[in-house]
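Just the heavy atoms: all of them, side chains too, but no hydrogens, waters or symmetry mates, feed the values below. Chain identifiers are assigned alphabetically (A, B, ...) following the order of the sequence lines, protein sequences preceding nucleic acid strands; residue numbering begins at 1 within each chain.
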Protein chains: 2
Amino acid sequence: MTESPEAIVKKDARNRRVAGADPDKRRQILDGALHVFTARGFDAASMNDIAAAANVSKGTLYVYFEDKEHLFVALIEREREAQKRGAFEALNHDSDPVRALSNFGQCLVGMLNNEFAVSAHRVVIGVAERMPDLGRSFYENGPAQGSKLIARYLDRMVAEGKLAIDDTRLAAVQFIDLCQATLMRPRLFNAIRSAPSEEEIQRIVASAIEMFMARYGVKPTR
Amino acid sequence: MTESPEAIVKKDARNRRVAGADPDKRRQILDGALHVFTARGFDAASMNDIAAAANVSKGTLYVYFEDKEHLFVALIEREREAQKRGAFEALNHDSDPVRALSNFGQCLVGMLNNEFAVSAHRVVIGVAERMPDLGRSFYENGPAQGSKLIARYLDRMVAEGKLAIDDTRLAAVQFIDLCQATLMRPRLFNAIRSAPSEEEIQRIVASAIEMFMARYGVKPTR
DNA sequence: GTCAAATCGAACTGATTGGTTCGATTCTTT
DNA sequence: AAAGAATCGAACCAATCAGTTCGATTTGAC
């Protein structure tokens, strides 16, 4: 029953198609699963619904994915990876911390407030008690990587004398949390149905940077 | 929702007990439900398990609560109310903002990192997509009330000239989020199994206040 | 002690779900 | 065109679960 998780090789030795190895179909299934899982959560999402949403027969579903949990994990990993890529692109290593952080903050908040991203967060958090490994892996490969990225950037700025930070690891998370103040929590609880406007994001991020620089900016010699 | 401290069983006109009206039994059921719901989430929690955990027959369960969802909502409301009470007590209206905020921050973070509180958060967030009303009500009567409380306190400090804040509503949330930096998120994702130590909380809250005062503290005449 | 009501407990119902099976159909390669 | 594999689709299975039923048992007021 072991099937190669990699869908790179499309043909077998005799150049035949291989069951469950068409990357297009795999993507198609994951897209359907994304809709159903994010709309209903892990438990309430039925494999029948997913098959229908993906325009795929139930049998094929089980050719591509061992069971519901494996499908779910594969989906979450795909989304998390996409998010991580986005974050890495967002930090242009500008030598001016205000510009760099401002740019990064806005990209990050914009990404996190995307409809599916919020839903994915909800689902992973909701299932974290029963599936601690998934929760931990999602956190450590996602959010934790983002803050590490920023922490390293802050380290450089400190080395260059542009910022004065004792604990850059903490400062990074503080910055990320400040950027999401008033934006993320109500969305997680579904208390606000639509993503914040671009201007609202801009306003919150600006305030975050104001605060960050007030604390960690180097004082001009007086 | 005022219930007498001592168990006064409701009686009918002829002084008979009334079905589903014993507050002790009700509490007993909710306690069992708390364990099961927080350990498994809404969907994976079975009414059989809850009845067993509460030492109550399944029939009695349905005498006290209409169905699974009503039981869940009642439980969440009880927990949320308890949390709100805790928050209100935590803010001693000290006239020194550093002392007041420090005290409040530590109480808040301590409360939020309690095992059941974290689990409750997870469950509510996880179910918010399918039960938006519950999510919204939990948020608006819980976290939102907490930040309103702080915002009002900040308003007073501003009026007294002890702080300089343009948007106290935003500042309140910023403060709350700073207090939870590095503490709450990994716990929500279950990436850290145990609550942070008292010293760790103290360290984070201290850093939060440092930052908050750097931004909003009144500058001494320069 | 009596008696009525609350509770127990254990079986039962009806619906749903994850996962399987298998013959019919559609691709794809030669 | 022919073959062989992937896919479809629809029925099927076993387990689980919310919610009900009902006689047996406990409880508490009198």
Can you name the salt bridge (Lys or Arg N to Asp or Glu O under 4.0 Å) partners of B:Arg136, sequence neighbours left out? B:Glu140

Does B:Thr60 have a side-chain nitrogen or oxygen under 4.0 Å from the phosphate oxygens OP1 or OP2 of C:dT7? no

To the nearest Å, give me how far apart CG (A:Asn55) and P (D:dC8) are. 9 Å

Terminal axes of the helix from C:dG1-D:dC30 to C:dT30-D:dA1 (5 end pairs apiece), angle rounded to 10 degrees, sit apart by 30°

Rounded off to whole Å, could you give me the NZ-to-C1' distance for the A:Lys25 and D:dA6 pair? 8 Å

Mind checking ring pair (Phe, Tyr, Trp, His ring centres under 6.0 Å) for B:His35 and listing every partner two or more places apart, or none if nothing turns up? B:Phe116

Under-3.5 Å N/O pairs linking protein and nucleotides 16-19 of chain C:
| unit_1 | atom_1 | unit_2 | atom_2 | d |
| --- | --- | --- | --- | --- |
| C:dG18 | OP1 | A:Ala45 | O | 3.1 |
| C:dG18 | OP1 | A:Lys68 | NZ | 2.7 |
| C:dG18 | OP2 | A:Met47 | N | 2.8 |
| C:dG19 | OP2 | A:Tyr62 | OH | 3.1 |
| C:dG19 | OP2 | A:Lys68 | N | 2.9 |
| C:dG19 | N7 | A:Lys58 | NZ | 2.7 |
| C:dG19 | O6 | A:Lys58 | NZ | 2.6 |

Using the test salt bridge (Lys or Arg N to Asp or Glu O under 4.0 Å), find all partners of B:Asp167 that sit at least two apart in sequence or belong to another chain. A:Arg203

My understanding is that only residues two or more places apart in sequence, or in another chain, count here; which of them pass salt bridge (Lys or Arg N to Asp or Glu O under 4.0 Å) with B:Asp94? B:Arg99

What pairs of residues pass the side-chain hydrogen bond (donor to acceptor under 3.5 Å, both in side chains) test when at least one of them lies in residues 187-196 of chain B, not counting sequence neighbours? B:Glu115-B:Arg187

With sequence neighbours excluded, residues passing side-chain contact (heavy atoms from CB on, under 4.5 Å) with A:Ala33: A:Phe37, A:Ile50, A:Leu71, A:Leu75

Nearest whole Å is fine: how far is C:dA6 P from B:Leu61 CG? 17 Å

Across all chains, not counting sequence neighbours, the side-chain contact (heavy atoms from CB on, under 4.5 Å) partners of B:Ala90 are B:Phe104, B:Cys107

Interatomic distance, B:Arg26 CZ vs C:dA6 P [rounded to whole Å]: 17 Å

Single hit among A:Phe42, A:Phe65, A:Phe138 for ring pair (Phe, Tyr, Trp, His ring centres under 6.0 Å) with A:Phe72: A:Phe42

D:dT7, OP1 or OP2 - any side-chain N/O from A:Tyr64 closer than 4.0 Å? yes

